[in-house]
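Working notes for the structure below.
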Number of protein chains: 2
Amino acid sequence: MTGAGTNSTHTPLTGGPAIVLVRPQLAVNIGMCARAMANFGLSDLRLVSPREGWPRTGAYRKGAYAAAAGAVHLLEGARLFDSVEAAVADLNRVYATTARERGQGKVILPPSTAMADSAGAIAAGEKHGVLFGPERTGLDNDDVALADAVITFPVDPAYASLNLAQAVLLVAYEHHRAARGEAAPFAIPERSPPAKREHMLAFFNFFEDLLDANGFFRPEGKRPVMTRNLRNMFHRMQMTEQDVRTFWGAIVRLVEGPRAEKDKSAKKSAPTRSVNSAD
Amino acid sequence: MTGAGTNSTHTPLTGGPAIVLVRPQLAVNIGMCARAMANFGLSDLRLVSPREGWPRTGAYRKGAYAAAAGAVHLLEGARLFDSVEAAVADLNRVYATTARERGQGKVILPPSTAMADSAGAIAAGEKHGVLFGPERTGLDNDDVALADAVITFPVDPAYASLNLAQAVLLVAYEHHRAARGEAAPFAIPERSPPAKREHMLAFFNFFEDLLDANGFFRPEGKRPVMTRNLRNMFHRMQMTEQDVRTFWGAIVRLVEGPRAEKDKSAKKSAPTRSVNSAD
């Protein structure tokens with residue numbers, strides 16, 4: 001969305017469940033999973049028997065690191081295991097992601113519910129992990145049997161095939177929402193404050209007097225409803241103090257006509273500074 | 001997760017907001033966006049001035065179609081526009097996705113809130129769309145100015161760079177959750193029903209009598225608490241009728257020792273059929 005890489009002004013988030021990639025096939029997918037984890041503040045990446053081994057050098061390694069788009073610390077910190085049992089040995093709860101029913105009678109949860117439960121337990125000191133299977137086949141039944149519960153994504157059954165990194169992204173996203181909320185990753189800057197009612201009413205009176213003087217309110221009997229409708233249109237704009245000044249200045253300009261150099265009439269007519277500001 | 005492609009036993013979902021890719025750079029990303037849309041039932045893909053043109057033939061087209069992983073109908077149905085204004089002309093509400101504050105004073109929403117609002121309005125007959133900018137730079141300020149509101153993803157500020165298809169995925173996922181819920185994409189098959197209390201109590205009595213006969217409850221005074229703890233362990237298993245039969249049969253087998261061929265003792269001792277089933 002805004003170019004790749006880390007933002008050195010922030011310290012990466014840590015915590016959340018371990019992401020356990022079981023027999024992943026492609027290095028580029030491992031890199032994209034690392035990037036998805038970093039986007040939503042997960043920090044524990046575990047690899048079980050990657051098909052091509054890990055770490056690798058040359059093109060293989062380049063592909064993974066390029067796909068990680070700056071989340072290099074996750075690849076450098078990834079731990080390699082030769083069995084799922086070893087990869088989950090230190091965890092208190094394990095989720096298995098599956099796209100098909102496995103007939104194992106396990107609880108099946110959407111990622112939102114699973115990560116809400118998990119974030120609470122992790123905050124209380126537990127260690128959790130989520131298993132993701134190989135790109136082509138998904139987890140096998142012995143992998144699923146190691147889990148306490150199953151996470152299944154609420155996809156369209158007609159196109160149930162989620163890319164591996166996208167499945168990791170949804171789990172990381174839901175953990176982040178549950179553990180840390182949905183605030184934007186930047187501070188919303190100070191805006192001009194919402195206009196005070198007295199400022200808007202002063203503008204309405206100025207505007208309606210002008211319209212009246214120009215014979216806008218016809219027939220006379222319609223004046224009340226026409227006035228109400230106009231005021232409601234402006235209220236829907238949720239005008240700031242600056243918006244009122246800007247619009248007021250625009251009306252003044254229209255009524256007074258072209259301004260000669262150094263003409264201060266607009267500033268005289270309007271109540272405050274910078275009436276011609278485009279904000 | 002489970003191999004690519006469409007599932008011919010289901011009709012693809014349709015509806016939801018239009019996904020408008022503004023000046024996308026890479027065909028493979030257009031394909032991945034189509035796949036993400038199909039995963040969560042969006043059907044209206046619009047392309048504004050793709051850098052390499054659209055549709056294309058040869059390797060370019062191959063890359064997009066391979067990345068779409070079966071969501072070919074979305075690529076075939078994608079509409080090409082030469083301006084964002086033209087692409088959104090028929091829409092009633094437009095969201096712009098941005099990763100940075102743009103100082104335009106627009107409402108900034110997380111995808112969950114935006115899509116909950118949007119799904120309701122779309123159900124009431126409005127047409128909505130979501131703008132996504134070029135991979136490297138994101139939307140420019142003139143694109144954002146065309147939107148009613150901004151969607152910003154609650155990413156870790158240290159790694160705010162979301163892949164284009166992953167941003168589309170999160171919007172499609174949140175629309176699907178809001179419009180259609182979070183049900184798993186398959187029917188949960190009938191399981192053996194949860195065990196009736198009388199069945200579990202019969203098992204508890206059988207099991208505790210055996211333990212008693214073997215002198216397990218020592219010291220005598222601890223019998224009540226030891227019994228309660230055992231029963232609570234079994235209750236935490238949330239046993240089905242079949243679970244009770246299976247476990248009962250296993251205990252019978254342990255007590256009676258190795259079974260000769262044709263020995264029916266297990267079946268005689270246990271209350272119901274298939275006591276040795278592994279379920």
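Just so we're on the same page: letters track the sequence lines, and every chain starts at 1.
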Quick one: closest heavy-atom pair of Ala36(A) and Gln166(B), and the distance? CB-NE2, 3.9 Å
With a 4.5 Å cut-off on side-chain heavy atoms, are Phe40(A) and Asp156(B) touching? no
Around Gln238(B), counting heavy atoms of other residues, nucleotides and ligands shown, do more than 12 lie under 6.0 Å from its CD? no
With chain B as the partner chain, list the residues of residues 171-185 of chain A whose heavy atoms fall under 4.5 Å from it, by residue number, and write 'none' if nothing qualifies. Tyr173(A), Glu174(A), His176(A), Arg177(A), Gly181(A), Glu182(A), Ala183(A), Ala184(A), Pro185(A)
Using side chain to side chain donor-acceptor pair (under 3.5 Å) as the criterion, list what pairs up with Glu126(A), not counting sequence neighbours. His128(A)
Can you find a pair of side-chain heavy atoms, one from Leu169(B) and one from Asn163(A), that are under 4.5 Å apart? no
Any Thr152(B) side-chain heavy atom under 4.5 Å of Phe186(A) side chain: yes
Answer key: most heavy-atom pairs under 4.5 Å with chain A among Gly41(B), Ala187(B), Ala38(B) is Ala38(B)
Test item: Asn39(A) side-chain N/O and Ala160(B) main-chain N/O as donor-acceptor pair under 3.5 Å: no
Heavy atom to heavy atom, less than 4.5 Å: which residues from residues 140-148 of chain A reach chain B? none
Side chain to side chain donor-acceptor pair (under 3.5 Å) against Asp44(A), all qualifying residues, sequence neighbours excluded: Arg46(A), Arg79(A)
Non-hydrogen atoms of chain B under 4.5 Å away: do they reach the side chain of Ile108(A), the backbone, both or neither? side chain
Are Leu74(A) and Tyr159(B) close enough that some pair of their side-chain heavy atoms sits under 4.5 Å apart? no
